[in-house]
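Structure, as structure tokens:
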Amino acid sequence: MLAAVVTEFGGPEQVELAEVLVPRPAAGQVRVRVRAAGVNPVDGAVRGGVFGGAGQRIGLGWEVAGEIDAVGADVTGWSRGDRVVGLHHGMVKPLGTHAEYVVLDATAVAAAPTTVDAVAAAGLPLGGLTAGRAVDLLGLAPGSSVLITGAAGVVGGLAVQLAVRAGLVVTALAGEQDEAFVRSLGATGFVPRGAAPAGPVDGVLDAAVLGEAALAFVRDGGVYVGLIPHHAPAAERGIRVEEQEVEADGAHLARLVSLVDAGALTLRVSQTFPLGEAAKAHAHLGTPGVRGRIILTA
């Protein structure tokens, strides 16, 4: 099969297509025929060597939508032909979801949404699980105020919707041109990028990775949730500082799928590229102002 990999770190030009053996599912795993796979900022970081792995062939891609075509031993509840979405966790791995087939733990997949196609569904696993875990980590009671930075991005936009659903009063921080959009997701307040909210908030979900600048918006004794492990600012003023780290969680993903099918969670696609143009997809990843997930189709 074909898979997008890097063998040397650098820019989009380092992404290459390799002919590799079709992987076999081990016990507790399923093999998915990839129909669509999201291209994420973390893929650019892997390509650039942020997570190491020099001298190895590193597969790209974390999220996938497709059909199960083989089931390993000790797997129950899944059969060939089942449409699924899933997360292939791992910074440095020999194969990712940017391939024609991928093997995942059976516990990492969920039945695909029935109301959107594979292209849209492929943008749910990583962004949805990241946003969902971050909202959970806020631990705020309904009616509490939360500021979500980077609210017009994929993760930020999903976080806005999930926070509103949790009963939080959401203020979105984003570019001025995105105000109407983030309000359409349920945000009742808006702060243009570079400005500060009118007063302190109970919590900040920092999808834009502003760090200390975002921490300053939190009231004494409030909560700050960062999205990148080991990048959160130091706690101060009694603020609880949390760092989410995404996990492959099929049960959580299934709950997110149900929200998509109920029309309560909006998925956005920026542009699609065939697997053979993976390098072009990576180049587009660095384009300023991209709104929605970039998707590879296989």
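As a basis for the values below, the full set of heavy atoms in this structure was taken, side chains included, without hydrogen atoms, waters or symmetry mates.
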Is the shortest heavy-atom distance from the side chain of [X] to the side chain of [Y] under 4.5 Å?
| X | Y | answer |
| --- | --- | --- |
| R57 | P94 | yes |
| F217 | L173 | yes |
| V164 | L185 | no |
| R293 | E63 | yes |
| D105 | Q29 | yes |
| T115 | V260 | yes |
| H284 | S270 | yes |
| F273 | V39 | no |

Within the side chain of [X], is there an N or O that forms a donor-acceptor pair under 3.5 Å with the backbone of [Y]?
| X | Y | result |
| --- | --- | --- |
| D82 | I68 | no |
| T272 | I295 | no |
| Q271 | I294 | no |
| R33 | E100 | yes |
| D261 | P113 | no |
| R165 | L265 | no |
| D43 | N40 | yes |
| R268 | G153 | yes |
| E176 | P192 | no |
| D202 | V146 | no |

Hydrophobic clusters here meaning ILVMFWY residues chained together by side-chain heavy-atom distances under 4.5 Å, can you tell me if [X] and [Y] are in one?
| X | Y | value |
| --- | --- | --- |
| L215 | I228 | no |
| V92 | V6 | yes |
| L17 | L60 | no |
| V225 | V201 | no |

Worked verdict on I58 versus F9 for side chain to side chain contact (heavy atoms under 4.5 Å, CB included): CA-CA 10 Å; I58 303 173; F9 298 136; 3.7 Å; yes
For E243 and L137: C-alpha separation, side-chain torsions, deciding distance, then whether side chain to side chain contact (heavy atoms under 4.5 Å, CB included) applies. CA-CA 8 Å; E243 296 177 312; L137 284 172; over 6 Å; no
Partners of H89 by ring-ring contact (aromatic ring centres under 6.0 Å, His included), sequence neighbours excluded? W62
Is the number of heavy atoms from other residues, nucleotides or ligands within 6.0 Å of [atom1] ([X]) greater than 12?
| X | atom1 | result |
| --- | --- | --- |
| R80 | CZ | no |
| Q177 | CD | yes |
| K93 | NZ | yes |
| E236 | CD | yes |

For side chain to side chain contact (heavy atoms under 4.5 Å, CB included), just list the numbers for Q161 and L259, CA-CA rounded to whole Å, side-chain angles, deciding distance to a tenth of an Å, and then say yes or no. CA-CA 10 Å; Q161 297 172 78; L259 294 178; over 6 Å; no
Strictly below 4.0 Å, N to O, side chains only: are R291 and D178 in salt-bridge contact? yes
Partner of H282 under side-chain hydrogen bond (donor to acceptor under 3.5 Å, both in side chains), picked from E277, R47, H98, is R47
Please identify each residue that fulfils side chain to side chain donor-acceptor pair (under 3.5 Å) with T149, with sequence neighbours left out. D206
Given L296, L87, V102, V85, the one that forms side chain to side chain contact (heavy atoms under 4.5 Å, CB included) with V64: V102
